[in-house]
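Please read the structure below before turning to the comments.
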Number of protein chains: 2
Amino acid sequence: MDMLTLLRQRGHRITRPRLAVLQALAEGPAHISAAEVLSEGRRTHPGLSKASVYRTLQLLETLGALRGIPSPEGRSFVRVAPGHHHLLCQGCGEVRDFSGCGLCDSWREVADEERFFVAGHLLEVFGLCSGCRSKREGETS
Amino acid sequence: MDMLTLLRQRGHRITRPRLAVLQALAEGPAHISAAEVLSEGRRTHPGLSKASVYRTLQLLETLGALRGIPSPEGRSFVRVAPGHHHLLCQGCGEVRDFSGCGLCDSWREVADEERFFVAGHLLEVFGLCSGCRSKREGETS
DNA sequence: TCGCTTGTTGATACTCGGTCTCAATAATAT
DNA sequence: ATATTATTGAGACCGAGTATCAACAAGCGA
């Protein structure tokens, strides 16, 4: 669902700071940090404050529209989308997306057993990207 | 592989602080924070410093034996084990494990396409646990 | 359209997880 | 035993994220 509609539907006010954050999320990179949202958002609303950015990101995460993932500089946020997953390089920190995991069913029954309401899921595959891989050629593993 | 053996094999020295961290990881809860490792580790090595704990955890993560996952109070660390995944509650922050995901193959070909060396993977399923679920009964979604 | 109510904002002080520095120490090789 | 050098511990430091609170404005009803 549209994040703007989601906010309205849940009874949250549509304000300039929130619109600026939504626009930053829409126009910015797929993985975006709070700091990037702040600087990007100030292009549409110069007075945008750090606190509002964090509050809005937190709100969107609570509503299930965003998901924070760990990154070297704090957290970065991604739009929650079905079958959207990551390859995390432990060498350089690069995050690469991939989609179409084809496995979005087998864990569902586990969640059902636990009486757990599933808002979304995220598969992290971590290791070394091709670049870092060749750099470490020769090391014992 | 045994974490102690792993350290030795990669040419890292076996020191008292590192042994204390390994023991804390072995005896502590499955999901453990750096602060918990510190206090737990000081039981076997009272002089253990915060810096050493963070350094050792970082080293073990680099070596692929540990994986940090986001949590309200910083990060918590889990032993990397095949088919070990999480249900993260966005209401209370509870982390519940589940295993036997049965899907540890379909993403592998994606990784291969990207020439990505896979050290491990972690599936996060997030939403609401049964407790938080009933608390929010009646809210629009 | 005009207020009124109250959710939201912005500035800033603050918290605290995590890192950096560097002299002192101790694990390994010889 | 000695030399080499990775590692440690103490504490200063950094910076992401939060708390506070008076001022503001979104939305609603009249």
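Numbered from 1 within each chain, the chains take letters A, B, ... in sequence-line order.
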Checklist line | Nearest-Å distance for atom pair CG/P, residues A:L19 and D:dA25 | finding: 15 Å
Notebook entry, point to check: How many angstroms lie between CG in B:L66 and OG1 in B:T56, if you round to the nearest 0.5 Å?
Noted result: 10.0 Å
Margin query: Please say yes or no: joined through hydrophobic side-chain contacts below 4.5 Å, possibly via intermediate residues, are A:I32 and A:L59 part of one cluster?
Written below: yes
Check: OP1 or OP2 of D:dG9 sitting under 4.0 Å from any side-chain N/O of B:S52?
Finding: yes
Margin query: With rounding to the nearest 0.5 angstrom, report the CZ to OG1 distance, B:R16 to B:T44.
Written below: 8.0 Å
Check: Can we say A:R43 and A:E27 salt-bridge, meaning some charged N sits less than 4.0 Å from an Asp/Glu carboxylate O?
Finding: no
Item checked: Any B:S52 side-chain heavy atom under 4.5 Å of B:R55 side chain -> yes
Which pairs, protein N/O on one side and nucleotides 15-19 of chain C N/O on the other, fall under 3.5 Å?
unit_1 : atom_1 : unit_2 : atom_2 : d
C:dG18 : OP1    : B:R75  : N      : 3.2
C:dG18 : OP2    : B:Y54  : OH     : 3.0
C:dG18 : N7     : B:K50  : NZ     : 3.1
C:dG18 : O6     : B:K50  : NZ     : 3.0

Notebook entry, point to check: CG of A:L48 versus C1' of C:dA11: gap in Å, rounded?
Noted result: 13 Å
Notebook entry, point to check: Is any side-chain heavy atom of A:L19 closer than 4.5 Å to a side-chain heavy atom of A:H45?
Noted result: no
Next item on the list: Check the hydrophobic clustering (I, L, V, M, F, W, Y; side-chain heavy atoms under 4.5 Å; chains of links allowed) and say if B:L60 and B:Y54 are grouped together.
Entry: no
Margin query: Expressed as a whole number of angstroms, how long is the span from B:L57:CG to D:dT7:C1'?
Written below: 15 Å
Checklist line | DNA chain D-proximal residues of residues 36-46 of chain B, any heavy atom under 4.0 Å | finding: B:H45
Checklist line | Annotated protein contacts, base or backbone, on nucleotides 24-30 of chain C with a non-hydrogen cut-off under 4.0 Å, one of B, S, - each | finding: --BBS--
